[in-house]
Structure formats: structure tokens, C-alpha cells
Protein chains: 2
Amino acid sequence: MKLPKYKQIASDIQGLVDTQKLGAGDLLPTEKELMSQYDVSRVTIRKALAELESQEVIVRISGKGTYINGSKARRNALELKGFLEDIHAQGKQPSSRVLDFKLTMADASLAQKLSIEINMPVYAITRLRLINDEPEILEHTFMPAMLFPELSIDIMNTSKYEYIEKDKGLKIALSRETVVAEVADQQLADTLNVEVGYPLIKVMSIGELEDGTCFEYSENYFTSKQFSFEIMARR
Amino acid sequence: MKLPKYKQIASDIQGLVDTQKLGAGDLLPTEKELMSQYDVSRVTIRKALAELESQEVIVRISGKGTYINGSKARRNALELKGFLEDIHAQGKQPSSRVLDFKLTMADASLAQKLSIEINMPVYAITRLRLINDEPEILEHTFMPAMLFPELSIDIMNTSKYEYIEKDKGLKIALSRETVVAEVADQQLADTLNVEVGYPLIKVMSIGELEDGTCFEYSENYFTSKQFSFEIMARR
DNA sequence: AAGTGGTCTAGACCACCCC
DNA sequence: GGGTGGTCTAGACCACTTG
């Protein structure tokens, strides 16, 4: 754990917000004060603050000071989170059921999405995710077998993201998602326990590690019942 | 036009990419070379490059160099663009038809979204946007009358964003969007020329200026025929 | 070993806000 | 005028990649 100073400072301040030691609208110490407080240069403080500002944790106003962002803006908007973290944070009961788990070969379309060669082995996993025993999300996930030689159903029954980051020590960087609307056909309706014709959000996403490697492609169906997508589009 | 140096340098390099003088995978000059080329300090160069990196224009690899991003990644993913710009960029024929235009008063729900007082005057505009005379997007837009006292149907028939930025000199900062799926009811189906039950993407968005003022709230319906949403979710 | 980007320092001047 | 954040400089050391 050798984080650079500016990241340590950023997560330190983030911690103060998370633990309610700093609340909406509160004025942060000035950059000069933070300099002596952390005993670093101003550039380092500013880099830490820049990071927090980009995540909308704080607002910097020239000539006045730096404030904790009070707007109800969900900062989670664009964060990529695992299902478990996500739902826990909302205080709901999560669970997950693996419907299918097999090793197969990538066809042309999948190979292109994962940036691998055709016919390379991939795990194909179908999972149903439930909240309070209500089916909510149907996931079709494809992961290159080369990256995860010991992948098992057990792992997919817990948190996929925890496995990748904690057990494998890989760093997830981002996911690229395409969102479209789709109506439930008979099979989707049965699985997700809705009526045929019910509106679903379909998200196709490619997950990338920090070195640019694609670690998964997945097609997920969400009922609009408990989910929506929050996007912040910067001009 | 008094842009800081780092932004000038960033847009200068962006320009080289736009005009194809630099192409996918090309190696940029080293930071040291850029320093003497632009006669600025390394920090300034790095700030310019950091900006381009965040927009995925370039990729910086420690120990190797800085490259033009070659991946097919649409950098437009999260950009907020007006309909006209957007469609022109795709080489299609755009048009727009104002179905309704009236001055009304904000109810509680709308007032909250626009961060104004209840009963403040707002323009309520319904527009149908067409591509090659095909209806594609239905827009319900609400704009505070205080911000745009001279708003007219003519303006809404051209580009709303151009009006705000060019004519009014206001700077649009971002929009916060919530995406859900919805099926077309009779009215939506008639307007958008699809069948009842057709899947639509509904986007509710709040537009903010650089000073944090909300300048519009809108609810837009997209047919999934020609549109999808591209999202890049950073971990 | 040489070169790259990643981090960091200790200064400086400016534009802006508020008293 | 005094304080804030915004920009910029000229150094420095490090980790990493490559010959």
C-alpha cells in the first residue's frame, strides 16, 4: 500500500465526509492550512483537492474557499460498483443465483469485444441477482479463461469484483457501457418475474483493467422497478 | 479569449488529432520536448496532457511515452451535445418541429428540479426531432423564463444550445441524466411513429451552467432504433 | 545506463471575493 | 487590503521501460 501523498490526502478528506465529520456546505481549511497540516507543498494539496473536485465531493470557489458539496447530487452516478456493495449501501438484502456456468470458445463478435483471438476459451456465466428474493437483474457475463484459470461457481456466487480485486490483485479501471431499452420476451419475463412486454433496460458493458486488458463483456437486463441509470455528462 | 496556457496547449494538441496530423497510436513528443516547444514548465505541459488523458485523447505509459489513443473508444460517450451538432456529425439530415410552446408556472416537482421557487414562470416546450423526416426523439423541455426572457419558437426551431452559448454567452457545464426504460403508450406511439409497446429510452435530465444555475429540465423519449447511450464508468 | 512519465517541493504572480 | 483559489516556474528524486 504505497499510495502517493495526494491520494492519501484525498481519501483522508473523503473519509471525513463519509464519517460525517464534515457535512454539506462546510468550509474546508484553506490550501495553506492544509499544507502545514499535512506538511506537503501546495501543489500536492491542490492535486488532492482536484481529485475530490472531479468526484464532486467538494466545490472550490475562487476568492472564497473550498466547500463540501451539499447538493443532493448522487456522486455514485458514474461509479462502477459490484452488485453486493451497491445493494448493501442501500440497505437491502442481496443474493445471487448462478443459472449457467460453462467454458466455451469466443466467437468473432465476442472476441472483438474482449480484444482476444477467435476461439480462445472464455467462461460464459448466467447469473440472476435478487433483492429480497425478488429477481431484479439477469446477467450474461463472458470472461477470458486465461485471466481467471481457477474461476468457479462458488466465486460467482459471491462478489465477482471482490474476487478480481482482492484475490487476484487486479485493478479494475473502468467499464464502457451501452444502454438500450428492450421489452421482455417470454423467457426474460419468466426469469425476471415480470409480464411479457415489460420495459427492461439492457446494458452491454466491457470491463477494463488499469493496463487496458478487457476482463469481461456482459449483457445485463434490469427491471426498471428498482433501477435507473444516473449519468453526469460533462460538456 | 484569455485561456490559460495549459488549455491552449491541450486544445492545440487536440487540433493536431482532429486534423489527422496525428493519428491513432502515434507517439507524442516527450514532455521535455514539449516544454521547449511551447516554452513552458513541465508542470504546465503535464496539466495539459492530464486534461487530454482524462478525455481519452492520449494514453500515457510510464517509462515509454505518450501516445494518441488508438482504441475505437468513442470519446463522445459522455459529452453533452445539441441535436444538430450530434446528427450533423453522423452525416444525417436533422430537423425539428415544435409541437407546443407555452409559458406556465412551475409546480413543486419542477421547481425542485430547476432549483427555483414554486410558481415561478417557466417555458414548457414540446419538440419532436426528426432524422430524414423520421420522428426520433420527443422532448419535453422546461426552462426558467427569468434566464431566457426573449425565448421564442424560432429559437427552439434552431439549436437550443447554440442560442444559449452563442447568443446568451452562457456556458453550459454539464447535465445530470437519469435513464429508464418505458414502453410506448398510444400517444407516444402515434407521435414517434412506432407501435404501442415499442421499447423507448426515457431520459430525464437537468442542465447546469458553469455557475451551477439550472437552465433546463427535460424529459426525452428516444426510440432505440437509432440511438443508444454510451457510458464510460470510471472505477 | 539512458530516457520516460509519476511524484513532489518552494517559491511566485494573478484574478477574484469580501470587508 | 488581506485572503482565497488559479496559474506557472525551475528545479528534484523516483519507478519503470528499453537498449
Side-chain angles (χ1 to χ4, degrees), chain A residues 1-13 22 25-70 169-171 173 209-213 234, chain B residues 1-13 22 25-70 169 171 173 209-213 234-235:
Chain A
M1 272 307 209
K2 279 280 319 165
L3 282 179
K5 288 187 188 176
Y6 74 92
K7 287 206 175 178
Q8 287 184 40
I9 294 170
S11 77
D12 188 36
I13 296 174
L22 284 173
D26 284 4
L27 187 61
L28 250 70
T30 66
E31 297 182 351
K32 197 187 286 186
E33 284 170 330
L34 290 171
M35 280 170 68
S36 58
Q37 191 174 319
Y38 288 101
D39 195 32
V40 296
S41 76
R42 186 163 169 229
V43 178
T44 305
I45 291 294
R46 285 184 59 71
K47 203 164 178 188
L49 295 183
E51 192 137 301
L52 293 173
E53 187 179 33
S54 79
Q55 297 165 190
E56 294 211 296
V57 177
I58 59 173
V59 178
R60 294 199 278 184
I61 303 177
S62 181
K64 293 182 71 177
T66 303
Y67 300 85
I68 302 295
N69 186 350
L170 300 173
K171 280 189 196 154
L209 301 175
E210 270 197 346
D211 65 359
T213 311
R234 278 212 170 72
Chain B
M1 272 307 205
K2 279 278 315 167
L3 283 179
K5 289 186 188 176
Y6 74 92
K7 287 204 175 178
Q8 286 184 41
I9 295 169
S11 77
D12 188 37
I13 296 174
L22 285 173
D26 284 4
L27 186 61
L28 250 69
T30 66
E31 296 182 351
K32 197 185 286 186
E33 283 170 331
L34 289 171
M35 280 171 68
S36 59
Q37 192 174 319
Y38 288 101
D39 196 31
V40 296
S41 77
R42 187 165 167 225
V43 178
T44 305
I45 290 294
R46 285 184 57 73
K47 204 166 177 186
L49 295 183
E51 190 137 304
L52 293 172
E53 187 178 33
S54 78
Q55 298 164 202
E56 295 210 296
V57 177
I58 60 172
V59 178
R60 295 200 277 183
I61 302 177
S62 179
K64 294 182 70 177
T66 303
Y67 300 85
I68 301 295
N69 187 351
K171 280 191 197 152
L209 302 175
E210 270 197 346
D211 65 359
T213 312
R234 278 211 172 71
R235 182 79 163 175

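We name chains A, B, ... by the order of the sequence lines, and we start the count at 1 in each one.
- The interatomic distance linking A:Leu49 (CG) with D:dG5 (C1') rounds to 10 Å, in whole Å.
- Residue contacts shown for B:Lys32 are absent, as no nucleic acid heavy atom lies under 4.0 Å away.
- Between B:Tyr6 and D:dC8, a side-chain N or O to OP1/OP2 separation shorter than 4.0 Å is absent.
- Rounded to whole Å, atom C1' of C:dG5 lies 12 Å from atom CG of B:Leu34.
- Take A:Arg46 and apply the side chain to side chain contact (heavy atoms under 4.5 Å, CB included) test, not counting sequence neighbours, and it matches A:Glu31, A:Arg42, A:Arg60.
- In this structure, the OH atom of B:Tyr38 is 18 Å from the P atom of D:dT7, given to the nearest Å.
- With sequence neighbours excluded, the residues that form a side chain to side chain donor-acceptor pair (under 3.5 Å) with A:Thr44 are A:Ser41.
- B:Arg60 has its CZ atom 15 Å from the C1' atom of D:dC16, to the nearest Å.
- The CD atom of B:Glu51 sits 11 Å away from the P atom of D:dC8 (whole-angstrom rounding).
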Readout for nucleotides 9-19 of chain C: B = base within 4.0 Å of protein heavy atom, S = sugar-phosphate only, - = neither; 5' to 3' it is BB-B---BSS-
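- Remark: B:Asp26 engages no residue in a side chain to side chain donor-acceptor pair (under 3.5 Å) (not counting sequence neighbours).
- One atom, CD of A:Glu33, and another, C1' of D:dG5, lie 13 Å apart when rounded to the nearest Å.
- By the salt bridge (charged side-chain N to carboxylate O under 4.0 Å, His left out) test, A:Glu51 is found to be paired with no residue, residues two or more places apart in sequence or in another chain being considered.
- For the pair A:Leu27 CG and D:dT4 P, the computed distance is 9 Å after rounding to whole Å.
- Here the side chain of A:Thr30 pairs a donor or acceptor atom with the backbone of A:Glu33 at under 3.5 angstrom.
- One interatomic measurement links the two molecules: CD of A:Glu53 to P of D:dG6, which rounds to 7 Å at whole-angstrom precision.
- Listed by chain and residue number, nothing satisfies the side chain to side chain donor-acceptor pair (under 3.5 Å) test with A:Tyr6 (two or more places apart in sequence, or in another chain).
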